[in-house]
Every structure is written in C-alpha cells, then in structure tokens.
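All chains are named by letter (A, B, ...) in the order of the sequence lines, taking the proteins before the strands, and each is independently numbered beginning at 1.
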Protein chains: 2
Amino acid sequence: MQKMQNKTDSDVRPRAEPETTATQSKRPLRDRRRSLAIGLLRAREAVMSHFRPILAAHDVTEQQWRVIRVLYEGGKLDATELADKASILAPSLTRMIRALEERGFITKHKDSADGRRVLLQITPAGQAIVEDVMPESQKVYADIDARFGEERVEKLLDMLEELASLKLENGPIGEE
Amino acid sequence: MQKMQNKTDSDVRPRAEPETTATQSKRPLRDRRRSLAIGLLRAREAVMSHFRPILAAHDVTEQQWRVIRVLYEGGKLDATELADKASILAPSLTRMIRALEERGFITKHKDSADGRRVLLQITPAGQAIVEDVMPESQKVYADIDARFGEERVEKLLDMLEELASLKLENGPIGEE
DNA sequence: TTTGAATGATTCTCATGTTAATCAGTGAGG
DNA sequence: CCTCACTGATTAACATGAGAATCATTCAAA
C-alpha cells in the first residue's frame, strides 16, 4: 500500500469544520473493545511461534511450507489453485515458485492445453521435507489439543471458518 | 528468513533409510485436519478485507493505523511499549516512525532521563485521522456483531486470547 | 477471420515480517 | 573512573503482503 501517497487531491475530501476534528480531541474517542483483527493476529502469531523453529530447522518459511504441503496433498495444480489453497497472493507465489524450483522442491511447466496456465508439482525432495516436517507439526497440534481441548479447538475452527465466510454490508469489494 | 540457506551441513541431519522417506511417498501422509494456523490466517484476512478500504481511503496501512491508534489512546509512549501494544516488531516500527513523522502524524524525541529510549506522541493531524477512521471502523465491528452474534464474538475473543497465552511443551523459545 | 474483452501470470513498487548484527547509552563492579 | 554486560533502538538482508500495471493467451462476438 502507500502508493497513493501522492494521489490527486481530488479524492481527498477536505476536512470540514476544524471544530469537529482537531478540536474534538478534547474528548478523545475510546475504542475500548478488544478488536477481532488484533485478537486474530496475536493468536496466530502465538501459534506460529511454535512452528517457526521446526520450519526454520528445515530452512523453509511458513509460506513455502504451505505451498509444498498443498502440492504434496493436491498433486499437480495450476498457480491459481495453488495460490488459493495455500492462501498466498499471486505475485508472492510467482516469486516463491522461482525460489522453490531452484531449490529443487517443485517443478513447473506450462499447461499444453491452456498456454497461460502454469502447472506446479512437488518433487521427491519436496516430499521428503513434507514427510520430515509433518510429524513434528502434528505433534504441536496434538499438544495444543491437549492444552486447549480438542472439542474447543474444533469449535474455534468452526467459528473462524464462519467468520471467514461472513458477508457484510459494504462488502470488501466496495460498491462505487 | 531464508538466510541460513547456506548454513553448515552439520545441522542438517542426514536423511536416514530412504525407505522411510522418499519411498514412504507411496503412502502419503495426510494432514486431513483443518489447521489452526490457516484458519486464523483466513479469518483475519476476511476481517481485514472490510477494513482495508477504509484505511486505504485515508492512505494509511493497517499497521500504521494500529500505531497511531495506540498513541491516540496511550499518550506518550516509548518505542518498546508502542511496538508491544501495536503488535509490531521493533525493526518495522523504526521504519514506520520515520514515515509517520515525515507525514506529520507523530513526533519523536529522546527521553531526557534515559538516552536510549525514544518517546513517541501523536500530533493533532494524527488525532484527526483517528477520529475520522474510528467511527467507520466501529461500524464494521458493529456489523460483524450483528451478523455473527455479539456473545459469540466475545466468546471467540476469549478463546483467541487464551490461545495466544498458551504455554506448550517445547516452547517457541527453544530449549537448547 | 479478426478484433477486443477476459483470464492467468508476471513484474513493479512500496510497506512490513523476521532474524541477525550492530550501535549507543546505562549501570553495576572493580 | 573505567570496564563490561545489558538494554533499547537501529540497520542489514531477505521474504512476503498488497495494489497497480503489463504481457501473453484464450475465447467469443462481429
């Protein structure tokens, strides 16, 4: 972001009546509430902190791990599917493909049917890493289950899933 | 990450018995389970997708928003406190301070008592943005409450908080 | 058949995450 | 007073997130 830093002033609606802005600071707004955005961020950070050492030991990043894991389980996929399943943006995936291919964890070749599409597949070397990391990963999740309660984890996952699929007024797409 | 790419081979334990790795691929490991890490990631992404347009309209990133919001509510803070409250890493904060200061949203000056510490404070311009964005932000949360259920949101926040404070065996710090 | 809209991927650019290294200021001991 | 371990902040280097623009290919309509 931060690229419209120098956008035209036309779409920066002028701040009307300074009395309702700067002066309003006398009675600061209070957000008081715990925020979902932050809560999710902190929880995820906490969870990941237990995985990062495992992944680091195998010299793969969290995102690289998601990519090769998806390919491990999903066979041959095109970039779009892969990006979606691994929750990675297309531009990031493009870069990662380059790196992962150089390291010999995946192979890439164009789809003979549709010349635009790029097909990705995991290599034996990639499979080896997955099979090396997966057990340790599952151990961490088992540990979380034990501490947090398996049913509660399931309930949490349900809520997260539902939250992710929530459609609100003024959807994220924007309705100009 | 990815900097130990060329670390010594000594800490890469040799893959023993190929029968248990590459060959094992005949019966691929299945992770089958929904993963907390991914679930949290997707949920957060979904939630943020509703806020990003608001923040973008004011030309601030999500992290910048967290920083000025914390300063708005917390008064004068040093970098460490700020980083902690805004869930931002120190190196990131250093860069952000530079940018936010140039844009006139915050001020920075050394602590007279402790020369190492850097004190940060929001400016009227920064307050104005907070007071501009906050209402829209709260509207989104209100919408989420309506769709998802206020009590369920609270319950979710409780679980997230507990998850974030979970101490597991083999803590993230590593016990060598 | 040809053109033009649509799609899939890549490239660009800037901001942040992440780890390690470094720098500066503090403070307790010697 | 001086040294050294420690703390707080910054810098360095690489990877990814995010949005916009571009490129190539496909496909449907003219």
Counting just side-chain N and O atoms, does Thr61(A) come under 4.0 Å of either OP1 or OP2 of dT16(D)? yes
Thinking salt bridges, do Glu102(B) and Arg98(B) make one under a 4.0 Å N-O criterion? no
Neighbour count >12 (heavy atoms, 6.0 Å) for atom CD, Glu150(B): no
Would you classify Glu45(B) as touching base, sugar-phosphate or nothing, given that sugar-phosphate means primed atoms plus P, OP1 and OP2, and contacts are heavy atoms under 4.0 Å? sugar-phosphate
Closest-nucleotide 5' rank along DNA chain D - winner of Ile97(B) and Gln63(A): Ile97(B)
For the pair made of CZ in Arg103(B) and P in dC14(C), what is the distance, rounded to whole Å? 14 Å
Ignoring backbone atoms, test whether Ser92(A) places a side-chain nitrogen or oxygen under 4.0 Å from the OP1 or OP2 oxygen of dT16(D). no
Is Ala113(B) touching bases, backbone alone, or none of the nucleic acid, heavy atoms closer than 4.0 Å? sugar-phosphate
Atom-to-atom span, CD1 of Ile88(A) to P of dG8(C) - whole angstrom: 19 Å
What contact category does Ala79(B) fall into here, base, sugar-phosphate, or nothing, at under 4.0 angstrom with non-hydrogen atoms? sugar-phosphate
For Leu89(A) and dT11(C), what is the distance between atoms CG and P respectively, to the nearest whole Å? 16 Å
Between Ser87(B) and Arg42(A), is any side-chain donor less than 3.5 angstrom from a side-chain acceptor? yes
Under 3.5 Å, is there an N or O donor on one side and an acceptor on the other linking the side chain of Arg95(A) and the base of dG17(D)? yes
What integer distance in Å separates Asp111(A):CG from dA24(D):P? 19 Å
Give a yes-or-no answer on whether the side chains of Arg95(A) and Ser92(A) include a donor-acceptor pair shorter than 3.5 Å. yes
Spell out, yes or no, whether Leu160(A) and Leu163(B) are grouped together once hydrophobic residues are joined by side-chain heavy atoms under 4.5 Å, including indirect joins. yes
On a plain distance test, is the side chain of Arg116(B) in donor-acceptor contact with the base of dT26(C) below 3.5 Å? no
Taking the minimum atom-to-atom distance to the side chain of Pro91(A), which one of dT25(D), dA18(D), dT10(D) wins? dA18(D)
Nearest-nucleotide comparison on DNA chain D, the residue closer to the 5′ end among Lys110(A) and Met96(A): Met96(A)
Nucleotide dC23(D), atom C1' - distance to CZ of Arg117(A) in whole Å: 17 Å
Leu55(A) CG to dT16(D) P, straight-line distance once rounded to whole Å: 12 Å
For Ser87(B) and for Thr80(A), find the nucleotide of DNA chain C with the closest heavy atom, then tell me which residue's nucleotide is more 5'. Thr80(A)
Using a cut-off of strictly less than 4.0 Å, decide whether Arg98(B) has a side-chain nitrogen or oxygen near OP1 or OP2 of dT10(D). no
Give the rounded distance in Å between these two atoms: CG of Leu82(B) and P of dT16(C). 13 Å
What is the separation between atom CG on Leu119(A) and atom C1' on dA9(C), rounded to the nearest whole Å? 13 Å
